[in-house]
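Only one structure is covered here, and it is reproduced in the block below.
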Amino acid sequence: MSVRTRVAPSPTGDPHVGTAYMALFNYAFARRHGGRFVLRIEDTDRARSSAASEEAIFEALHWLGLDWDEGPDVGGPSGPYRQSERREAYTQHVEALLESGKAFYCFCSRERLDAVRREQQEAGQTPRYDGHCLSVDPDEARARVAAGEEHVIRLAVPGEGTCQVEDGLRGTIEIPWQQVDMQVLVKADGFPTYHLAVVVDDHLMAISHVLRGEEWINSMPKHRLLYDGFGWDMPQHYHLPLLRNPDRSKLSKRKNPTGIDYYRRRGYLPEALLNYLALMGWSMPDEREVFSLAEMIENFDIDRVSVRGPVFDPEKLDWLSGQHLRALEPQDFAARFNEWASADRLASLIPLVRERTERFSDLAGHVDFLMGDRAPLDTDSFASTKRPPEECRRILDHVLRAVEPVESWQRDALHEAISSLATAMSLKLRDLMPTLFIAIAGRSRALPLFDSMAWLGRDLTRDRLRTAIAALGGISKKEAKRLERAWRDLW
RNA sequence: GUCCCCUUCGUCUAGAGGCCUAGGACACUGGGUUUUCAUCCCAGUAACAGGGGUUCGACUCCCCUAGGGGACGCCA
């Protein structure tokens, strides 16, 4: 059997380092075994998926050099590779499940579902569908569906016993069926959920080995039921550990920069990021730590993956980046630098600096905090704002919250979000700005701030606000509560 | 709360019963090279969560406890 692996990101938001991590291991595994690596887009969530995000995923993976043999943009024998374009496959297969009684129509209202869930939670049980619509006669159900009644399709789950599943890294895992929910397979909008789509697609695309995040372990029984229901063999599954924040919770953008683009913009070499990610849970047989993607592939052995959730450590990434950078020949170094400080990026800065420039030598001084890192900050850095650290922290905390929901990270949207924040705080925008200038640019006079924030991008901006707050003494648990309340009272 | 997974230096890890006085890397500390800084080199601090077994022998196997994480959505 030939080896085929896949990475299956969902195109919502900015491409995540977790996606790069999964892509890397699936890529290395496929290459090591002379197999094929597939990119599949899981865009079954109509509300959140976007074409822009999909494009950003392609771009990010290309930058990393993790090229796929089959995918939505390059095609392949198992296409289409976008789940939204594979709907007949799902409806056709779920029909078989319906006929054999392994899936059933459900007409329950969300209100009823919420009520049931609440009761179960109060009774200390695992929230789970109570099987209400299981008792609806199949013919009656069909009639109701035909009459246009809103419905979903659910997976029928055994009431007793335990399910055994195999994880390549952990061995046999047993989960009581009682714990497994009668998962929705097809939503009211006719789109499949992840669980249906992933099983159908992995089979139809002949995926032989699934390397995915640990968060999916508890879904294996549902998938097992589907594979059995279809009469298919289950691919070998390996659940890789989740990348962690320093507090060991799952790596999240609230606590860490998680965008691939963040690392790209800060000038990390893609090979360094890949090298670092490879070290998260995997090691070379000879314990070498600095290596290339080719060397990783050459030595890749899934059994050398450890299952402990590794904390993402930016300092070690920095060191690795230095190792790769210094290994470059001067002309390559220059070429790579050129690539990073691309003509397009530079050109996008010109409108901001032109009015302020008389000689080219003025330029570096203007864009230093954009192309480069912002100067390191401490409490004194904010002296010019004439605000005590506590107030600066409050402003920055609230700015962080205010820009969080901004979808299109553009100047006008940022301007609007922060203006309304100022109004809500009973401040003039210009009273709020000095603090923000220090946090973002590191000085009180700099290029237009909203343009700068837009240019920096979401992660970099968020990171600067966060590090500025830390420089101001940080936020204690008590203060966090106070800020949370103050924020809520604002609106 | 229920279920599942995990537990070696601060962090990433090596370790598949005796090779372990537990090795390496980052970070940190000290020293050296260097006009500065950085690089580089050398040295140092620092860990098997706890308790029971199994065994002649446990970091390695089993059980319990504790801690951490994850899942419990018509999100993936």
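Per chain, numbering begins at 1; letters A, B, ... match sequence-line order. In this text, all values refer to a predicted model and were calculated from it rather than measured experimentally.
- Between A:Phe191 and A:Tyr90, the distance separating the two ring centers is not shorter than 6.0 angstrom.
- Contact annotation for A:Glu315: backbone-only contact, meaning every heavy-atom pair under 4.0 Å involves sugar-phosphate atoms and none involves a base.
- A:Trp216 comes within 4.0 angstrom of a base, heavy atoms only.
- If you take atom P in B:A16 and the same atom in B:C74, they sit 46 Å apart, rounded to whole Å.
- Between A:Tyr268 and A:Asp318 there is a side-chain heavy-atom pair separated by less than 4.5 Å.
- Pairs passing the salt bridge (charged side-chain N to carboxylate O under 4.0 Å, His left out) check and including a residue from residues 206-221 of chain A, sequence neighbours excluded, read A:Arg170-A:Glu214.
- The same atom, P, is picked in B:C64 and in B:C6; the two are 14 Å apart, to the nearest Å.
- Summarising the base pairing, B:U39 is matched to no nucleotide, lacking a Watson-Crick or G-U wobble pair whose two defining distances lie under 3.5 Å.
- Contact annotation for A:Gln83: no contact, since no heavy-atom pair falls under 4.0 Å across all strands.
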Decide yes or no on side chain to side chain donor-acceptor pair (under 3.5 Å) for A:Asp247 and A:Ser249, but give the supporting numbers first. CA-CA 6 Å; A:Asp247 67 3; A:Ser249 56; 2.6 Å; yes
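- A cation-pi arrangement is present between A:Arg154 and A:Tyr129, with the terminal nitrogen or guanidinium carbon under 6.0 Å from the aromatic centre and inside a 45° cone about the axis.
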List the atom pairs, donor and acceptor, that lie under 3.5 Å between side-chain atoms in residues 61-75 of chain A and the rest of the protein, sequence neighbours left out.
from	atom 1	to	atom 2	distance (Å)
A:His62	ND1	A:Asp67	OD1	3.0
A:Trp68	NE1	A:Asp73	OD1	2.8
A:Asp69	OD1	A:Arg31	NH2	3.2
A:Asp69	OD2	A:Arg31	NH1	3.2
A:Asp69	OD2	A:Phe37	N	2.7
A:Glu70	OE1	A:Arg4	NH2	2.9
A:Glu70	OE1	A:Tyr81	OH	2.5
A:Glu70	OE2	A:Arg4	NH1	2.8
A:Glu70	OE2	A:Arg4	NH2	3.3
A:Glu70	OE2	A:Arg36	NE	2.8
A:Glu70	OE2	A:Arg36	NH2	3.2

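- Aromatic pair A:Phe230/A:His203: ring centres not closer than 6.0 Å.
- Within 4.0 Å of A:Glu174, counting heavy atoms only, lie sugar-phosphate atoms of the nucleic acid but no base atom.
- Using a distance-only test at 3.5 Å, with no hydrogens or angles considered, no donor-acceptor pair links the side chain of A:Thr19 to the main chain of A:Pro15.
- Within residues 37-69 of chain A, the residues having any heavy atom under 4.0 Å from RNA chain B are, by residue number, A:Glu42, A:Thr44, A:Asp45, A:Arg48.
- No engagement by A:Leu185 is indicated, since no non-hydrogen atom pair under 4.0 Å with the nucleic acid exists.
- Aromatic ring centroids of A:Trp319 and A:His324 lie 6.0 Å or more apart.
- Across all strands shown, A:Gly281 has heavy atoms under 4.0 Å from sugar-phosphate atoms exclusively, and none from any base.
- Nucleotides B:A43 and B:G24, compared at atom C1', are 16 Å apart to the nearest Å.
- Remark: the A:Tyr262 side chain and the A:Asp463 side chain contain an N/O donor-acceptor pair separated by less than 3.5 Å.
- Residues of residues 102-119 of chain A having a heavy atom closer than 4.0 Å to RNA chain B, listed by number: A:Cys108, A:Arg110, A:Arg117.
- Of the N and O atoms on the side chains of A:Arg443 and A:Ser381, not one donor lies less than 3.5 Å from an acceptor on the other residue.
- Along RNA chain B, the stretch of nucleotides lying under 4.0 Å from any heavy atom of chain A spans, 5' to 3', B:G1 to B:A76.
- Nucleotide B:C72 has B:G1 as its partner under the Watson-Crick or G-U criteria, with both atom distances under 3.5 Å.
- Nucleotides B:C75 and B:G70 are separated by 16 Å at their C1' atoms, to the nearest Å.
- Taking the charged nitrogens against the carboxylate oxygens, A:Arg112 and A:Asp130 do have a contact shorter than 4.0 Å, which makes a salt bridge.
- Listed for the A:Asn26 side chain is no donor-acceptor partner under 3.5 Å among the backbone atoms of A:Val7.
- Pairing partner, B:C26: B:G10, with both Watson-Crick or wobble hydrogen-bond distances short of 3.5 Å.
- The backbone N or O of A:Ser84 lies less than 3.5 Å from a partner atom in the side chain of A:Asp43, making a donor-acceptor pair.
- When both pairing distances are held under 3.5 Å, B:U33 makes no Watson-Crick or G-U pair with any nucleotide shown.
- At a threshold of 4.0 angstrom between heavy atoms, the contacts of A:Val311 are confined to the sugar-phosphate backbone, with no base atom among them.
- Here A:Pro310 lies in heavy-atom contact (under 4.0 Å) with sugar-phosphate atoms only.
- Under 3.5 Å, the side chains of A:Thr91 and A:Glu88 contain no donor-acceptor pair of N or O atoms.
- Shown for residues 252-265 of chain A: no residue has heavy atoms falling under 4.0 angstrom of RNA chain B.
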